[in-house]
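What follows is a short report on a single structure.
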Amino acid sequence: MHSKIQPLFDKYGESHQNPANKAIHWICVPIIFFTIIGLLSLIPLAGTDTAVAPGLLPYLHLGTLLIVVGVLFFLRLSIPVAIGMLAISALVLYGVKVVNLNFPDSALYAYLTLFVLAWIGQFIGHKIEGKKPSFIDDLKFLLIGPAWLLHFIYQKLGISY
């Protein structure tokens, strides 16, 4: 039995049938997710004080806020998918922290460059597919993309969602 998220995966999958487009998505969707969180990480949340939570400071930014909203979105649809996306998001947050701490002067340019290149890849994939991206009709599919990839991993591992 599948959760309320399955119809969204099915709808998203309608414009992702071509093997080349799928392969491009396996590369570009994670890069886009990472770079969005990276770009938003450069905008700290107002009122964050280093004295209150010095170890948490690298995680107190708009990227973390977007992840919280995303996980809440997935909780309504599928608890296992929400847990998986939370785990992936934790890895992304850690990766963003590493980039920001080690490359503070070039992080913005790196995130922007990868973001643009990944979107170019996405549109090439959809040109190959011959179908427009799902988010053109409904913005929630911007959130569904990473979870759609996760659902293939869950299927391979036999995890119900």
Side-chain angles (χ1 to χ4, degrees), residues 2-3 5-44 58-59 61-74 77-78 80-157 159 161:
H2 290 299
S3 63
I5 202 165
Q6 187 61 48
L8 294 170
F9 289 157
D10 294 342
K11 182 71 175 163
Y12 189 86
E14 289 174 8
S15 61
H16 301 87
Q17 298 296 308
N18 182 286
N21 188 27
K22 281 184 174 179
I24 289 169
H25 275 64
W26 275 99
I27 296 166
C28 293
V29 167
I31 291 171
I32 290 168
F33 181 34
F34 182 82
T35 58
I36 287 172
I37 300 305
L39 288 166
L40 291 173
S41 76
L42 302 175
I43 306 168
Y59 302 103
H61 50 72
L62 286 181
T64 304
L65 185 60
L66 178 62
I67 286 171
V68 169
V69 170
V71 170
L72 292 173
F73 170 79
F74 289 119
L77 300 170
S78 166
V81 170
I83 292 168
M85 289 305 298
L86 182 61
I88 291 167
S89 297
L91 292 173
V92 166
L93 283 170
Y94 179 76
V96 163
K97 176 186 120 172
V98 168
V99 169
N100 291 352
L101 292 177
N102 290 305
F103 307 100
D105 296 331
S106 58
L108 172 64
Y109 305 107
Y111 293 138
L112 281 173
T113 301
L114 287 170
F115 179 81
V116 169
L117 291 174
W119 272 109
I120 290 169
Q122 291 285 84
F123 284 108
I124 289 170
H126 280 284
K127 180 75 172 162
I128 293 167
E129 181 84 38
K131 295 182 182 170
K132 63 184 177 182
S134 303
F135 76 88
I136 300 292
D137 293 328
D138 191 337
L139 287 177
K140 75 175 161 241
F141 286 106
L142 289 171
L143 287 172
I144 293 299
W148 182 72
L149 296 175
L150 178 65
H151 103 280
F152 287 112
I153 295 169
Y154 276 15
Q155 286 176 340
K156 191 91 164 160
L157 296 174
I159 299 172
Y161 54 87

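The first residue in the sequence is number 1, and the count goes up from there.
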*Any side-chain donor paired with an acceptor under 3.5 Å for Q6 and D10?*
yes

Measuring only between side-chain heavy atoms, which start at C-beta, is [X] closer than 4.5 Å to [Y]?
X: L65; Y: L62; result: yes
X: I83; Y: F74; result: no
X: I88; Y: P146; result: no
X: Q122; Y: I24; result: yes
X: L72; Y: V68; result: yes
X: I31; Y: L117; result: no
X: L66; Y: F33; result: no

Value rounded to 0.5 Å, distance of [atom1] in [X] from [atom2] in [Y]:
X: T113; Y: F115; atom1: OG1; atom2: CZ; result: 12.0 Å
X: L108; Y: S41; atom1: CG; atom2: OG; result: 9.5 Å
X: M85; Y: L77; atom1: CE; atom2: CG; result: 12.0 Å
X: K131; Y: N21; atom1: NZ; atom2: CG; result: 10.0 Å
X: L91; Y: L86; atom1: CG; atom2: CG; result: 10.0 Å
X: C28; Y: L114; atom1: SG; atom2: CG; result: 10.0 Å

Minimum heavy-atom distance between [X] and [Y], given as atom pair plus value:
X: V99; Y: A107; result: CG1-CB, 4.1 Å
X: V29; Y: G145; result: CG1-C, 3.9 Å
X: P80; Y: Y154; result: O-OH, 2.6 Å
X: L42; Y: P44; result: O-CD, 3.4 Å
X: I67; Y: S89; result: CG2-CB, 3.5 Å
X: I5; Y: S78; result: CG2-CB, 3.9 Å

*Taking Q17 for the side chain and E129 for the main chain, is one N or O donor matched with an acceptor at less than 3.5 Å?*
no

*Ignoring hydrogens and angles, tell me if any N or O in the side chain of H61 forms a donor-acceptor pair with the backbone of T64 under 3.5 Å.*
yes

*Can you tell me which residue pairs pass the ring-ring contact (aromatic ring centres under 6.0 Å, His included) test with a partner in residues 11-32, sequence neighbours excluded?*
Y12-H16, Y12-W148, H16-H25, H16-H126, H16-W148, H25-H126

*When you look at OH of Y94, are more than 12 heavy atoms from neighbouring residues, nucleotides or ligands closer to it than 6.0 Å?*
no

*Around F103, counting heavy atoms of other residues, nucleotides and ligands shown, do more than 12 lie under 6.0 Å from its CZ?*
no

*asked:* Test side-chain contact (heavy atoms from CB on, under 4.5 Å) on I144 and F73; report intermediate values, then the result.
replied: CA-CA 10 Å; I144 293 299; F73 170 79; 3.9 Å; yes

_With Y111, the side chain to side chain contact (heavy atoms under 4.5 Å, CB included) member among L40, V116, I36, N100_ = N100

